[in-house]
Engineer: 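If you scroll down you'll find the structure; I have some questions about it.
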Amino acid sequence: MDRIRLVGGNTLRGEIPISGAKNAALPLMIASLLTREPLVLENVPRLADVNQLEKILENHGVDIAVHGRKPIQLEGQRMTLEAAEIVDTTAPYELVSTMRASFWVIGPLLARAHEARVSLPGGCAIGTRPVDLFLDGLRQLGAEIEIDEGYAVARAPGGLRGGRVVFPKVTVGATHVVMMAATLAKGTTVIENAAMEPEVTDLAECLVKMGAKIDGIGTRTLTIEGVDELHGATHSVVPDRIETGTYAMAAAMTGGDVLLRDARAEHLRAALDVLARTGADVTEEASGVRIHRNGNGIQPVDVDTEPFPGFPTDLQAQFMALMTRSTGVSHIRETIFENRYMHVAELARFGADIKVDGQVATVTGVPQLKGAQVMATDLRASVSLVIAGLVASGETTVNRIYHLDRGFERLEDKLSAVGAEIERVTG
Ligand code: EPZ
């Protein structure tokens, strides 16, 4: 199994290109099921989750062509997805169980084929992550859904119809799904308390290019007027705000000066504000976001994770790694997922001082971390271990890095290009 080996102590200097966002690319690829015409996606990142979703979509009958699969390129790839016909409305356990987002095919399948049988999802080990809000939302659009032998079996005889969906809590996935389903429903759908994450906005903008009628994009209320058919379109995947925030924290951790090329500060305002309060200089430039920190200490800052535009849960582990080296005590409160502190025990192997009490982690900064053998437990947790390893004395080995490959494109190349001593050890 591949590992990452790194030796801490180098400051980072230079440019890191930011890839297309995994969490936008996945729903955009799924949106191809809504039309028989080709959907062309540009800036698609090369990630294990993208490859896995290709397999799932191909099983439904989507023809996928990927251009520019060259291994050493850092530019995103161009992908054409054509679902001329839906040949199978079942998404089987073997394909769906490793990635939660694959459950999202349920929306487009129901909307276009009026039926779907989708295995209940798996994904990262960060909490129970139920699908009740997806099912409630689709029922408001007229779907009949039952759970049978681990599958959600959904039907909409005669097609979906518009409805009013009020989410009791903000959910990115269910917003994607109900929005996609509503584009082909008869009549008007209103989604209240919709997620406003930039990935939801990116999907909405692509759907509009495909002929969907959506009002309120980027707000908590989406109004969707169903149309008979969607058509093909070309869309470029939004830059990855979580990758951006991750490298921003790495740069703040090591010191130095890094330009995150193509990063969009407006998608990461809360996290960049927090980084500035830790003492990093954050500058917005035409070509991206620059993070610079001199040799001064890292200030402790308290953070609560929140839905966008708040501080993202997907940066909580990385921020915790940064706080392990702060000059004081910080409190981190995880409000989105109930079990997203799996990295705490691994960070402790570096000598970090972290105590968890319910939702709150109290991190007392230590003057030095020591390199260690650690194990990745989920995608963002894994990368927090890399950030810690970048400043730890001596050598660190991060095991089980298949989690990293799900969501970070060429992480070791990007970090070594700016001066980190990091390599992938295969086998
Ligand atoms: C998306 O997951 C992201 N995944 C996650 O990123 C991210 O952490 C999360 O949004 C929050 O920002 C993708 O985009 C592929 P939710 P999603 O539905 O859609 C509860 C990463 O590392 N809930 O917004 O699954 C749920 O349990 C991943 O890239 C229900 O209770 O998250 C959670 O507590 C990890 N019932 C909260 O809502 C439901 O039916 C928010 O989850 C659905 C969700």
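Numbering of ligands and ligand atoms starts at 1, following listing order. Note that the numbering runs from 1 along the sequence shown for the chain.
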Engineer: One residue to check: Lys22. Relative to ligand 1, which of side chain, backbone, both or neither has a non-hydrogen atom less than 4.0 Å away?
Structural biologist: side chain
Engineer: What part of Leu135, side chain, backbone, both or neither, has a heavy atom within less than 4.0 angstrom of ligand 1?
Structural biologist: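 Looking at Leu135 and ligand 1, no heavy atom falls under 4.0 Å.
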Engineer: Checking side-chain polar atoms at under 3.5 Å, does His331 have a donor or acceptor matched by the opposite partner on Asp304?
Structural biologist: no
Engineer: Would you kindly specify which portion of Glu338 sits under 4.0 Å from ligand 1, judged on non-hydrogen atoms: side chain, backbone, both or neither?
Structural biologist: neither
Engineer: List ligand 1 atoms under 4.0 Å from Gly173, heavy atoms only on the residue side.
Structural biologist: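 Taking each heavy atom of Gly173 in turn, ligand 1 has 18 (O), 19 (O) under 4.0 Å.
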Engineer: Determine, using heavy atoms of Lys169 and all atoms of ligand 1, whether some pair is separated by less than 4.0 Å.
Structural biologist: yes
Engineer: For His343 and Gln316, which I'm curious about, is there any donor-acceptor pair between the side chains at under 3.5 Å?
Structural biologist: yes
Engineer: So how far is it from Leu385 CG to Gln318 CD, rounded to the nearest 0.5 Å?
Structural biologist: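 Separation between the atoms: 10.0 Å.
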Engineer: Measure Arg340 to ligand 1 on non-hydrogen atoms and call it side chain, backbone, both or neither using the 4.0 Å cut-off.
Structural biologist: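 Answer for Arg340: side chain.
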Engineer: If you measure only the distance, is there a donor-acceptor pair under 3.5 Å linking the side chains of Glu334 and Thr313?
Structural biologist: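 Checked: Glu334/Thr313 side chains pair up, N/O donor to acceptor below 3.5 Å.
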Engineer: From the options Thr305, Thr335, Asp314, select the one residue that forms a side chain to side chain contact (heavy atoms under 4.5 Å, CB included) with Arg340.
Structural biologist: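 With Arg340 as partner, side chain to side chain contact (heavy atoms under 4.5 Å, CB included) holds for just one option, Asp314.
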Engineer: Looking at Phe134, which atoms of ligand 1 are within less than 4.0 Å of one of its heavy atoms?
Structural biologist: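 With Phe134 as reference, the close atoms of ligand 1 come out as 40 (O), 43 (C).
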Engineer: Salt bridge or not between Glu285 and Arg290? Use side-chain N to carboxylate O under 4.0 Å.
Structural biologist: yes
Engineer: Heavy-atom contacts under 4.0 Å between Phe103 and ligand 1: side chain, backbone, both, or neither?
Structural biologist: neither
Engineer: Less than 3.5 Å apart, any donor N or O on the side chain of Glu225 or Thr188 sitting next to an acceptor on the other?
Structural biologist: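 Note: Glu225 and Thr188 side chains miss the donor-acceptor criterion.
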Engineer: Is Val170 close enough to touch ligand 1? Criterion: a residue heavy atom under 4.0 Å from a ligand atom.
Structural biologist: yes
Engineer: Using a strict threshold of under 4.0 Å (side-chain N to carboxylate O), is an ion pair present between Arg5 and Glu423?
Structural biologist: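 Salt bridge: yes.
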Engineer: Walk me through it: do Phe311 and Phe319 pass the test ring pair (Phe, Tyr, Trp, His ring centres under 6.0 Å)?
Structural biologist: CA-CA 10 Å; Phe311 187 97; Phe319 182 67; 5.6 Å; yes
Engineer: Please work out, at 4.0 Å between heavy atoms, whether the side chain, the backbone, both, or neither of Val172 comes within that distance of ligand 1.
Structural biologist: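 Val172 to ligand 1: contacts from backbone and side chain alike.
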Engineer: Identify which of Arg380, Glu199, Arg406, Gln316 has a heavy atom lying nearest to atom 29 (O) of ligand 1.
Structural biologist: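 That would be Arg380.
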Engineer: In this structure, does ligand 1 have an atom that sits under 4.0 Å from one of the heavy atoms of Ala174?
Structural biologist: no
Engineer: Between Ile242, Asp314, Val177, flag the one that comes closest to atom 6 (O) of ligand 1 by a heavy atom.
Structural biologist: Asp314
Engineer: Taking non-hydrogen atoms only, is Thr313 closer than 4.0 angstrom to ligand 1 via side chain, backbone, both or neither?
Structural biologist: side chain
Engineer: What do you reckon, does Ile336 have a nitrogen or oxygen under 3.5 Å from a nitrogen or oxygen of ligand 1?
Structural biologist: yes
